[in-house]
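Down below is the structure, laid out as structure tokens.
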Amino acid sequence: MLTLVEGEFTETLLDACWLAIAATDNEAVNQRVSDAAEARRIFCNVVDAPMQASFIMPSIIDRSPLMVAVSSGGTSPVLARLLREKLESLLPQHLGQVARFAGKLRSRVKQHFATVSERRRFWEKLFVNDRLAQSLANQDMPAVNNITEQLLAEPLDSRGEVVLVGAGPGDAGLLTLKGLQQIQQADVVVYDRLVSDDIMKLVRRDADRVFVGKRAGYHCVPQAEINQILLREAQNGKRVVRLKGGDPFIFGRGGEELETLCHAGIPFSVVPGITAASGCSAYSGIPLTHRDYAQSVRLVTGHLKTGGELDWANLAAEKQTLVFYMGLNQAATIQAQLIAHGMQEDMPVAVVENGTSVQQRVVNGRLSQLGELALQVESPALIIVGRVVALRDKLKWF
Ligand code: SAH
């Protein structure tokens, strides 16, 4: 019921209220309302003046009983609104039905599963079940009940598993949706130095984080030990994410880690990531292939024990782009060998440091300068050699 009382504001109007909203165009009156509310210990919102208010009214996304509230603390209602629109389109309409259904099922699940971790596994299984979601959306209750009974009856997979996830080269926006889902469901995340802080912020809050940082030439945790950590955690029934910079199967030793697991019969899967070559190429405006300049691209390890391991004659051939990973320390050798095998000294080269991150730095020049250029750059850095590098002059945007 709404009662309109016309006239001046008086403090006693608030005596019978439990909530007040001051929305006059007179600051002094608003302040009096706020003070009077304070004195009576009732909540008061002052429109457009969050400092005077004891509660705020955030934008909401209503999937009752599920409710998401967005507030910018009064700093920017437009930003809050944009975020709300984004979330609106992201959260399916039937989410409310799902929540209500889960609420009804709660006590049964509590009885059915003895431990918190079993319950969590069950709920995660239930919430990602597409058939159940569909049936709930269609209000097909017989189907909903059927699927639920099935889910309750089948044994929970208590074996651990390992998911090898590529985190991309740095910019957190380059993580895949699938990678994000995995790091949000993980019990344990094993990661190294190339995984950016921004990505680590997306990891499920109560997951254990194990840092096994590696640097070229200096391995903080030996590979064999990393393999053992993954194995041990999975054998304890944990859902383990092995998070790696770039793509796990490109100079990432992903294969070696999986072999150990394979041996022990631990289930595993792989989520690819954007490799440094793709990321650095895009963010430095250097296309890796081009109809006129490069018909192929080669991803090459620069981690050379002697200068003689690579097929330099092949690498020096025309019309291709070379991308050297881990090549910073060997830049002078790369320069000398390519020239010795016939590549032109004026071949454009670029060295991309911290590609795709806000600290990205690109230095470029000619092949005859590569050794010097590398001295101006710190790891992680990628060396790109080829005619395509010259396109950067026109295409750089980041
Ligand atoms: N699996 C990774 C590569 C790991 S090897 C991937 O697919 O990208 C490590 C090397 O990758 C580094 O020495 C460097 O050459 C390159 N690298 C990784 N991230 C990089 C970045 N953000 N910018 C430049 N080079 C990067």
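As the structure lists them, so they are numbered: ligands from 1, and atoms in each ligand from 1.
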Flag, side chain of Q320 to backbone of N314, donor-acceptor distance under 3.5 Å: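 At least one qualifying donor-acceptor pair exists.
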Could you say whether the N/O atoms of [X] and ligand 1 ever approach to under 3.5 Å?
{"X": "M326", "value": "yes"}
{"X": "G170", "value": "no"}
{"X": "G327", "value": "no"}
{"X": "G355", "value": "yes"}
{"X": "G245", "value": "yes"}
{"X": "T356", "value": "no"}

In terms of atom number and element, which parts of ligand 1 are under 4.0 angstrom from non-hydrogen atoms of [X]?
{"X": "L382", "value": "15 (O), 16 (C), 24 (C), 25 (N)"}
{"X": "T275", "value": "6 (C), 7 (O), 8 (O)"}
{"X": "I250", "value": "1 (N), 2 (C), 3 (C), 6 (C), 7 (O)"}
{"X": "N354", "value": "22 (N), 23 (N)"}

A side-chain contact here means heavy atoms from C-beta on lying under 4.5 Å apart; do [X] and [Y] qualify?
{"X": "V165", "Y": "R242", "answer": "no"}
{"X": "V323", "Y": "R298", "answer": "no"}
{"X": "L174", "Y": "P169", "answer": "yes"}
{"X": "D187", "Y": "V241", "answer": "no"}

Residue part near ligand 1, for C280, under 4.0 Å between non-hydrogen atoms: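 C280 to ligand 1: side-chain contact only, backbone stays beyond 4.0 Å.
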Residue portion contacting ligand 1 (non-hydrogen atoms closer than 4.0 Å) for V352: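 Looking at V352 and ligand 1, just backbone atoms fall under 4.0 Å.
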Pair D62, S64: side-chain N/O donor-acceptor within cut-off below 3.5 Å: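 Indeed, the side chains of D62 and S64 share at least one donor-acceptor pair under 3.5 Å.
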Side-chain donor-acceptor pairs under 3.5 Å in residues 224-238, sequence neighbours left out?
from, atom 1, to, atom 2, distance (Å)
N227, OD1, Q223, NE2, 3.0
N227, ND2, T260, OG1, 3.3

Per atom 17 (N) of ligand 1, closest listed option by heavy atom (G302, S284, A276):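 It is A276 whose heavy atom sits nearest to atom 17 (N) of ligand 1.
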Derivation and outcome, side-chain contact (heavy atoms from CB on, under 4.5 Å), residues F268 and E161: CA-CA 6 Å; F268 61 82; E161 60 171 328; over 6 Å; no
Side-chain ion pair, E11 and R40, N-O less than 4.0 Å: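 No salt bridge links E11 with R40.
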